[in-house]
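Heads up, the thing below is written out as structure tokens.
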Amino acid sequence: MTRIGKQRLAWALLLSLGWATLLAGTAGAAPADLGLKARLIWGTDEPKPEGKNLQDLEPALREKLRKVFKWKNYFKVSEHPITLARHQPTHVRLSHKCEIEVSYADDATIEVKLFGEGKHTGTVHKSAEALRKGQLAIIAGDDKEKYGDAWFVVISANTP
Amino acid sequence: MNPETELKLQAWVDGELPAAEAARLAAQAANDPALQALARQLRAVKAALPGNELARSVPETREFYWGTIQRALERAEVTDTVRPVWRWRAWLGAYGWRTALGAALLLVLAAPVLRPRHPAALAPQVQVDSPLENVNSYTFRSEADGMTVMWVSSQ
């Protein structure tokens, strides 16, 4: 192969690799389906009441909540897996009063909207990457029905 | 007499002034002995120069002299415009394909680092709002505990 032939081949290779790198980078920026878990949790200082369908919270999450919040006990009211796809908001009813809408706000950010008794109560944005790494997005508030107690909507990655 | 008048007088003597201005200056000179004396002097110099210029000889002919200058100018232009291109081509011929291969290899190795990340991935990870007037909400974030919390309290 002549010198000019080698040059042309090398530059063609360089251009091809450049385009391939660029396309790979663009494709990598698109969000993949994300497996999430939404849990409705009740926080109280009282023991687990008899006759209510409450589950004990897994110890790791319970300790995390105990470190940050004042309540001694945390019980799981409901849990719902969510597979989040791009351009497709997911609605999840956590209780008869509480519903959430989860969607991609953009390629890298998850948006969680809370609806209490049908009213849009608040919105939290959280990085999808942070959720994948084990961080939590929590919307919480005082329990209107029982003074001193609290409810928590915890969004996390759905890891086993 | 100011320098401007002297220059005008010289132009008048050389026949370079417009007719109207030449007439004005002629009238002025008719009443000004200094102007008349200078005009005489300038006319004498003008008359003496053409027939008394010393002859000078140069080793080359006039055509050869200017031709040499022109060729030197042309060489300078070629040097300025063409030589860098030839240098660049020569460098590319010698090292270009190796450089291209090296750059390609570098691009492949650096691809994971160069991959664009969405700005939101680097932005603060929380944005909170509550559209209800009778609801107070605030947020806090614990990096150590890995959680972002929006607390909602009804008034």
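Remember, it's a predicted structure, so these values are computed and weren't measured experimentally. Residue numbers start from 1 in every chain, and the chains themselves are labelled A, B, ... in the order their sequence lines are given, proteins ahead of strands. Atoms considered below: every heavy atom in the structure, side chains included; atoms not considered: hydrogens, waters and symmetry mates.
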B/W151 CH2 to A/F69 CZ distance, which is reported to the nearest 0.5 Å: 6.0 Å

Name the region of A/A128, side chain, backbone, both or neither, that has any atom closer than 4.5 Å to a heavy atom of chain B. neither

Minimum heavy-atom distance between B/M150 and A/V124, given as atom pair plus value: CB-CG2, 3.5 Å

For atom CG of A/N53, decide whether the heavy atoms of other residues, nucleotides or ligands shown that lie under 6.0 angstrom number more than 12. no

Could you list the donor-acceptor pairs under 3.5 angstrom formed between side-chain atoms of residues 12-22 of chain B and any protein atom two or more places apart in sequence or on another chain?
from: B/E21; atom 1: OE2; to: B/K8; atom 2: NZ; distance (Å): 3.0

Nearest-0.5 Å distance, NZ of residue A/K67 to CE of residue B/M147: 8.5 Å

I'd like to check the side chain to side chain donor-acceptor pair (under 3.5 Å) partners of B/S142; sequence neighbours left out, ordered by chain and number. B/D145

Side chain proximity check, A/I138 to B/T148, heavy atoms < 4.5 angstrom: no

Are more than 12 heavy atoms from other residues, nucleotides or ligands located less than 6.0 Å from atom CD of A/E63? yes

More than 12 heavy atoms from other groups under 6.0 Å of NZ on A/K72: no

